[in-house]
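The next block holds one structure in the form of structure tokens; read it before the comments.
Numbering of ligands and ligand atoms starts at 1, following listing order.
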Amino acid sequence: MTDAHIPVISATGLFTPTDSISNEELVSSFNAYVDLHNRENAQAIAAGEVDELQHSSVEFIEKASGIKSRFVLSKAPILDPETMCPQLPERPNDEISILAEIGVKAARQALDRAGRKPEDVDAVLCACSNMQRAYPAIAVEIQDALGMGDGFGFDMNVACSSATFGIQTAADYIRSGSAKSVLVINPEICSGHLNWRDRDSHFIFGDVATAILVEAKDIAPAQHWEIVGTKLKTQFSNNIRNNFGFLNRTAPETRDHKDKLFVQEGRKVFKEVVPMVATMIGEQAGRLGLKSEDIRRLWLHQANAGMNRLIAQRVLGHEANDDESPTVLDTYANTSSAGSIIAFHKHSDDLKDGDLGLICSFGAGYSAGTVFVRKVG
Ligand code: COA
């Protein structure tokens, strides 16, 4: 294959909201909500008609997940025990939508780092878990806001694996010659689909946006990451699900049910996804002729520290240290498709020419994606 058809990652970009919520702040507001609920429903609880709610705890959250805080776009309403969700007012149609806005911020950083002008990008894929509207596609709005001119964009949703699925799609465009320069953008406003009143999951998610510029090697900057191989997998499961959608309005009696937000069977996810992903990585490494000792670093999906510890151990054959499998869970929490890209963005500059690493995602669907990359330059 000539350099014109070899896909590489030229650069990545990251937008991080200004505000963050610590576990202490989150738990104190959640517990205030619980006390309020239990007080207001004291009689019904005593009569067994309403469930008494339990307090959350900082210790549980950190031990169960490794999460210490999360960035959010709308902090105060999330922490208000009477509101407990972000408030992001609708914008008029002549103003950029918030999902596109944060995507553009991440994209501009990736373009700057690669020295690429927006007008030289051929395609933009908005790949994330939650689109803010049905149409026009967020990607097309981003294309316009960046000033890309000719070319095309579309939205794709593979939940937590959207970024790696986007990378393979972009890489295939480069391999086939249908594009030379493709932006994959992952704006994740996870605070909008999280049920902040659900003790089992109220701590899981945060907001962020990442961008990945995938290009043909012959136009890429001297320093880049060659995409050595990609592999995607999906396997249907109801263990992570969100039933929000345009048909909800046709069934008004269920419109406000909790299943219109993120719900999961966390333990089942843990048990089923760890072996699925570890096996998938091993098989893909085998296909590429790679041994575990060839892998310098893992940039794993950031959902749970325990899952990552087990996957890394199965892949590397020993307990991984922070250098081999860096985490951003402590500060960013789970940011869905953006998680492994944040880890890559923040923890890849120190690798040397020839070093090999793996970007890996997994999540709802189930879906999983592996992207082996080698540093050049
Ligand atoms: N504070 C205190 N205790 C809590 C709590 C909270 N916020 N939430 C749950 N608990 C309690 C439960 O009541 C339960 O108590 P019990 O054993 O007395 O019944 C106990 O903690 C264990 O709950 P469980 O839900 O089984 O916890 P866990 O150790 O499995 O951790 C997750 C929960 C969600 C963090 C973990 O299962 C996970 O991360 N799984 C993978 C999720 C994932 O990757 N999802 C992908 C999303 S895209």
Sub-6.0 Å ring centroid separation between F30 and H55
no
For S57, the atoms of ligand 1 under 4.0 Å from one of its heavy atoms are 1 (N), 2 (C)
Could you point out which residue of D122, D120, I174 forms a side chain to side chain contact (heavy atoms under 4.5 Å, CB included) with S181?
D122
Judged by non-hydrogen atoms, does A364 sit under 4.0 Å from ligand 1?
no
Using a 4.0 Å cutoff against the non-hydrogen atoms of C160, which atoms of ligand 1 qualify?
48 (S)
Residue pair R108 / P118: nearest heavy atoms and the distance that separates them:
NH1-CG, 4.5 Å
Within the protein, is there a heavy atom lying under 4.0 Å from atom 14 (C) of ligand 1?
no
Looking at ligand 1, does any of its N/O atoms fall within less than 3.5 Å of an N/O of R199?
yes
Between Y33 and R197, is there a cation-pi geometry (under 6.0 Å to ring centre, at most 45° from the normal)?
yes
Can you list the atoms of ligand 1 that are under 4.0 Å from a heavy atom of N304?
35 (C), 36 (C), 38 (C), 39 (O)
Identify the heavy atoms of C190 and G206 that sit nearest to each other, and give their distance.
CB-O, 3.3 Å
Heavy atom under 4.0 Å from ligand 1: found in I240's side chain, backbone, both, or neither?
side chain
Out of all atoms in ligand 1, which are within 4.0 Å of some heavy atom of N334? Include the element for each.
47 (C), 48 (S)
Which residue in the set M84, Q87, E82 passes side chain to side chain contact (heavy atoms under 4.5 Å, CB included) when paired with P77?
Q87
Ring centres of F262 and F244 under 6.0 Å apart?
no
So, does G363 sit close enough to ligand 1 that a heavy atom of it is under 4.0 Å from the ligand?
no
Strictly by modelled atom types, are S201 and Q264 linked by a side-chain donor-acceptor pair under 3.5 Å?
no
Would you say ligand 1 has an N or O under 3.5 Å from any N or O of S56?
yes
Nearest protein heavy atom to atom 31 (O) of ligand 1, by residue and atom, and its distance?
A64 CB, 3.7 Å
For H345 and Q109, does a side-chain donor sit closer than 3.5 Å to a side-chain acceptor?
yes
Atom 18 (O) of ligand 1 protein-contacted, heavy-atom criterion under 4.0 angstrom:
no
Residue Q264 vicinity, atoms of ligand 1 by number, heavy atom under 4.0 Å:
34 (C), 42 (C), 43 (C), 45 (N), 46 (C), 47 (C)
With the threshold set at 4.0 Å, does a side-chain nitrogen-carboxylate oxygen contact exist between R70 and D207?
no
Got a protein heavy atom sitting under 4.0 Å from atom 44 (O) of ligand 1?
yes
Do side-chain atoms of D3 reach the backbone of K217 as a donor and acceptor pair under 3.5 angstrom?
no
Begin from the C-alpha positions of E141 and R133 and carry the test salt bridge (Lys or Arg N to Asp or Glu O under 4.0 Å) through to its verdict.
CA-CA 12 Å; E141 189 180 5; R133 62 168 178 263; 2.8 Å; yes
Just to confirm my output: which protein heavy-atom neighbour is closest to atom 24 (P) of ligand 1, and how far is it?
R267 NE, 3.9 Å
Should D172 and R175 be marked as a salt bridge (Lys or Arg N to Asp or Glu O under 4.0 Å) after you check the CA-CA gap, both sets of side-chain angles, and the distance that decides it?
CA-CA 5 Å; D172 286 344; R175 292 183 188 115; 2.6 Å; yes
G266 neighbourhood, listing ligand 1 atoms whose heavy-atom distance to it stays under 4.0 Å
37 (O), 40 (N), 41 (C)
Which of the numbered atoms in ligand 1 are below 4.0 angstrom from a heavy atom of M307?
41 (C), 44 (O)
Is the contact between D200 and ligand 1 made by the side chain, the backbone, both, or neither, using heavy atoms and a 4.0 Å cut-off?
both
Under 4.0 Å from atom 3 (N) of ligand 1, do we find at least one protein heavy atom?
yes
Under 4.0 Å from a heavy atom of A303: give me the atoms of ligand 1 that qualify, with their elements.
44 (O)
Can you report which non-hydrogen protein atom sits closest to atom 11 (C) of ligand 1, along with the distance?
F60 CE1, 3.9 Å
